[in-house]
2 protein chains.
Amino acid sequence: MTKVLIVDDEDTTRNTISWYLKKEGFQVFTSPSGEDALLMETSIQPDLIVLDIIMPGMSGLEVARNIPRQVPIIFLTALGQETDKLTGFNLGAEDYVTKPFSPRELVARIKVVLRRYGKSPMEDHISCPPFEINIKARKIKVAQTEPYLTAKEFDLLLFLIRNSNTIFSREALITNVWGYEYDGDARVVDTTIKRLRHKLGAQHRDCLKTIRSSGYMLEVITNE
Amino acid sequence: MTKVLIVDDEDTTRNTISWYLKKEGFQVFTSPSGEDALLMETSIQPDLIVLDIIMPGMSGLEVARNIPRQVPIIFLTALGQETDKLTGFNLGAEDYVTKPFSPRELVARIKVVLRRYGKSPMEDHISCPPFEINIKARKIKVAQTEPYLTAKEFDLLLFLIRNSNTIFSREALITNVWGYEYDGDARVVDTTIKRLRHKLGAQHRDCLKTIRSSGYMLEVITNE
DNA sequence: TTTCTGTGTCACAAAAGTGTCAAACAAGAA
DNA sequence: TTCTTGTTTGACACTTTTGTGACACAGAAA
């Protein structure tokens, strides 16, 4: 699974790119600030970073300077900031995209850079009986049925499937599925789990285990 | 099991951080004062310390200065104490978090620092015949069976397995399993042991030895 | 605009876990 | 044996945690 981290202070930009990349089967992480991005970088270890240069607080260039690891970066920049371009390439930038840009173009460039780095193409299908997930289409098949899941439901289930047979506290699920900055009641998880169980039907609702006073877990049969 | 020591004079701060960390599977110790913290540090040998700078009595910086061992420290500081920041980094601070802070952010930073130090939050499997413990799923296998254990039962058994063939007094078990702050009858241990024995069944209930007027011990065969 | 869908919050009911207690019981000392 | 001390156990009350339906609200769609 190829991980891409998007750093930009504008919500719309983040969301747009994120949406297009998810559709292509990437695992997407976003951060609205350079400071947070640095933290996330270490823990996520993304395969590529899309980095806005102009941000309040720490600039994209500073972020790039402070990343210890060698990771390809694509900078987003306003029209005609030629000096930045030079600095950026010195910092190991792989590419530049000038705002405003077409998301499709950005996705294409991301793919090019990843290919250059020998990253395997993104996964687009996961099989984890009884689940079959088509990531690009964001569709899930359980045994014969193909229940309709909303965005959050899908994300949560996908995360649990990727990490099956592991307990996650509500907090952990919040940070992994709802995201870093989400601040709200952790019991949304309960509600979403409930909705998922309902949609999975009597047959498979039991895959979603409650581990009392610890959290939730997706249990699937492992044939060791 | 990764140990984190939290030092802060405010009860709420201590408790909040503690709660979030425990949810993530860390073993948490807390201290309301710098003096105590120093004592605890030597006996506990935590993997990371979260240290408030401003405290009555000994300040966080002094504490840091007096810790002989090399251990990563994350300082908590009030907004804009820039001078402190410098001093702290000289004392080997790994990170700074400015109060007020989001607990989720702090947890994320703690994980980053621990990763940098090559510590992961949890091991995931223990084998100690006839016991097999899957920590990620909080499941325990005894010979063929897989008895359902409640949270406390699991914690107690896990502790005893980790420290098998060692006698613990009820008080010791209370502080290690129930936690420092627990104040209640130490005889809960008796009840929990009883419930465990019941669930282990006739085959293995004898692993849980009673050492009259000393405490309890888990006895397993060691083949040296 | 109005309508519809997805998402989060809340309050309450139901379920499950935990601690306390007292009586019955065992071990060891005198 | 008998006494004393410490342990086992079941019952019960109480607390915590979870499930669920109803509702509010925002943003997309019509």
Side-chain angles (χ1 to χ4, degrees), chain A residues 11-12 14-16 18-19 22 138 140 147-159 167-175 177-179 181-202 205-218, chain B residues 15 19-20 22-23 104 138 140 147-159 167-175 177-179 181-202 205-218:
Chain A
D11 293 355
T12 2
R14 277 206 315 278
N15 295 338
T16 318
S18 173
W19 188 82
K22 276 185 184 166
R138 290 177 68 84
I140 192 158
Y148 166 74
L149 300 187
T150 69
K152 273 278 139 47
E153 287 161 8
F154 182 85
D155 290 344
L156 176 59
L157 186 53
L158 180 58
F159 177 81
I167 299 177
F168 292 92
S169 67
R170 292 178 178 68
E171 291 305 324
L173 291 174
I174 290 280
T175 43
V177 177
W178 273 255
E181 313 110 80
Y182 178 86
D183 81 326
D185 195 337
R187 301 250 350 241
V188 230
V189 179
D190 295 42
T191 305
T192 311
I193 288 274
K194 178 202 125 195
R195 287 166 180 160
L196 270 174
R197 279 178 176 151
H198 178 73
K199 290 186 180 176
L200 290 184
R205 59 150 47 221
D206 296 333
C207 297
L208 289 170
K209 298 270 186 214
T210 302
I211 295 25
R212 198 159 220 268
S213 76
S214 295
Y216 294 99
M217 168 175 100
L218 185 104
Chain B
N15 295 337
W19 186 83
Y20 275 87
K22 280 183 183 164
K23 285 272 166 200
R104 290 205 182 96
R138 287 178 72 88
I140 191 158
Y148 167 74
L149 300 187
T150 69
K152 274 277 141 49
E153 287 161 8
F154 182 88
D155 291 344
L156 176 59
L157 186 53
L158 181 59
F159 177 81
I167 301 176
F168 291 94
S169 66
R170 292 180 177 70
E171 283 70 24
L173 291 173
I174 289 280
T175 46
V177 178
W178 274 255
E181 315 94 61
Y182 178 84
D183 81 327
D185 197 338
R187 304 294 302 276
V188 234
V189 179
D190 296 39
T191 304
T192 311
I193 288 274
K194 175 207 126 195
R195 286 167 181 159
L196 269 175
R197 280 178 176 150
H198 177 72
K199 290 186 179 177
L200 291 184
R205 59 150 48 222
D206 297 333
C207 296
L208 289 169
K209 298 275 185 211
T210 303
I211 312 322
R212 196 157 219 269
S213 74
S214 296
Y216 295 98
M217 167 176 105
L218 184 103

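Residue numbers start from 1 in every chain, and the chains themselves are labelled A, B, ... in the order their sequence lines are given, proteins ahead of strands. Since the model is a prediction, treat every value here as computed from it, not as a measurement. Worth knowing before you read on, the calculation uses all heavy atoms, side chains too, and leaves out hydrogens, waters and symmetry mates.
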Tell me, please, which residues at least two apart from B/Thr175 pass side-chain contact (heavy atoms from CB on, under 4.5 Å). none
Is the shortest side-chain heavy-atom distance between A/Tyr182 and A/Val188 below 4.5 Å? yes
Of all residues at least two apart in sequence or in a different chain, which pass the ring pair (Phe, Tyr, Trp, His ring centres under 6.0 Å) check with B/Tyr216? none
Polar pairs (N or O, both sides) under 3.5 Å between protein and nucleotides 20-25 of chain D?
{"residue": "D/dG21", "atom": "N7", "partner": "A/Lys194", "partner atom": "NZ", "Å": "3.2"}

Considering only heavy atoms and no angle criterion, is a donor-acceptor pair shorter than 3.5 Å present between the side chain of A/Arg212 and the base of D/dT18? no
Hits for ring pair (Phe, Tyr, Trp, His ring centres under 6.0 Å) against B/Phe154, two or more places apart or cross-chain, chain-then-number order -> none
Grab the CD1-P distance between A/Ile193 and D/dT17 for me, whole Å please. 18 Å
Would you please confirm or rule out a distance under 4.0 Å between OP1 or OP2 of D/dT8 and any side-chain N or O of B/Tyr216? yes
A/Leu196 CG to A/Cys207 SG distance, which is reported to the nearest 0.5 Å: 11.0 Å
Applying side-chain contact (heavy atoms from CB on, under 4.5 Å), name anything that partners B/Ser169, two or more places apart in sequence or on another chain. B/Glu171, B/Ala172
Could you state the atom-to-atom distance from OH of B/Tyr182 to P of D/dT16 in whole Å? 12 Å
Rounded to the nearest 0.5 Å, what separation is found between the CG atom of B/Leu208 and the CG atom of B/Leu157? 6.5 Å
So where does chain A start and stop touching DNA chain C, 5' to 3', when the test is distance under 4.0 Å to a non-hydrogen atom? C/dG6 to C/dG17
Could you give the angle between the helix axes at the two ends of the helix from C/dT1-D/dA30 to C/dA30-D/dT1, with five pairs per end, rounded to 10 degrees? 20°
Please give, in whole Å, the distance from D/dT7 P to B/Leu196 CG? 17 Å
The criterion is side chain to side chain donor-acceptor pair (under 3.5 Å); which residues satisfy it with B/Thr210, sequence neighbours excluded? B/Arg197
Which residues satisfy the side-chain contact (heavy atoms from CB on, under 4.5 Å) test with B/Arg187, sequence neighbours excluded? B/Arg170, B/Asp185, B/Asp190
Report the residues that fulfil side chain to side chain donor-acceptor pair (under 3.5 Å) with B/Lys199, sequence neighbours left out, ordered by chain and then residue number. B/Glu153
Find the distance A/His198:NE2 to D/dG19:C1' and express it as a whole number of Å. 14 Å
How many angstroms lie between CG in B/Leu158 and CG in B/Leu218, if you round to the nearest 0.5 Å? 11.0 Å
Can you pull out the residues from residues 147-155 of chain A that lie within a 4.0 Å heavy-atom distance of DNA chain D? none
Closest heavy-atom pair, B/Leu173 versus B/Leu156, reported as atoms and distance to 0.1 Å, is CD2-CD1, 4.1 Å
Got a sec, which residues hit side-chain contact (heavy atoms from CB on, under 4.5 Å) with A/Ser214, two or more places apart in sequence or on another chain? A/Ile167, A/Ile211, B/Arg138
May I have the distance from B/Leu208 (atom CG) to D/dT9 (atom C1'), rounded to whole angstrom? 15 Å
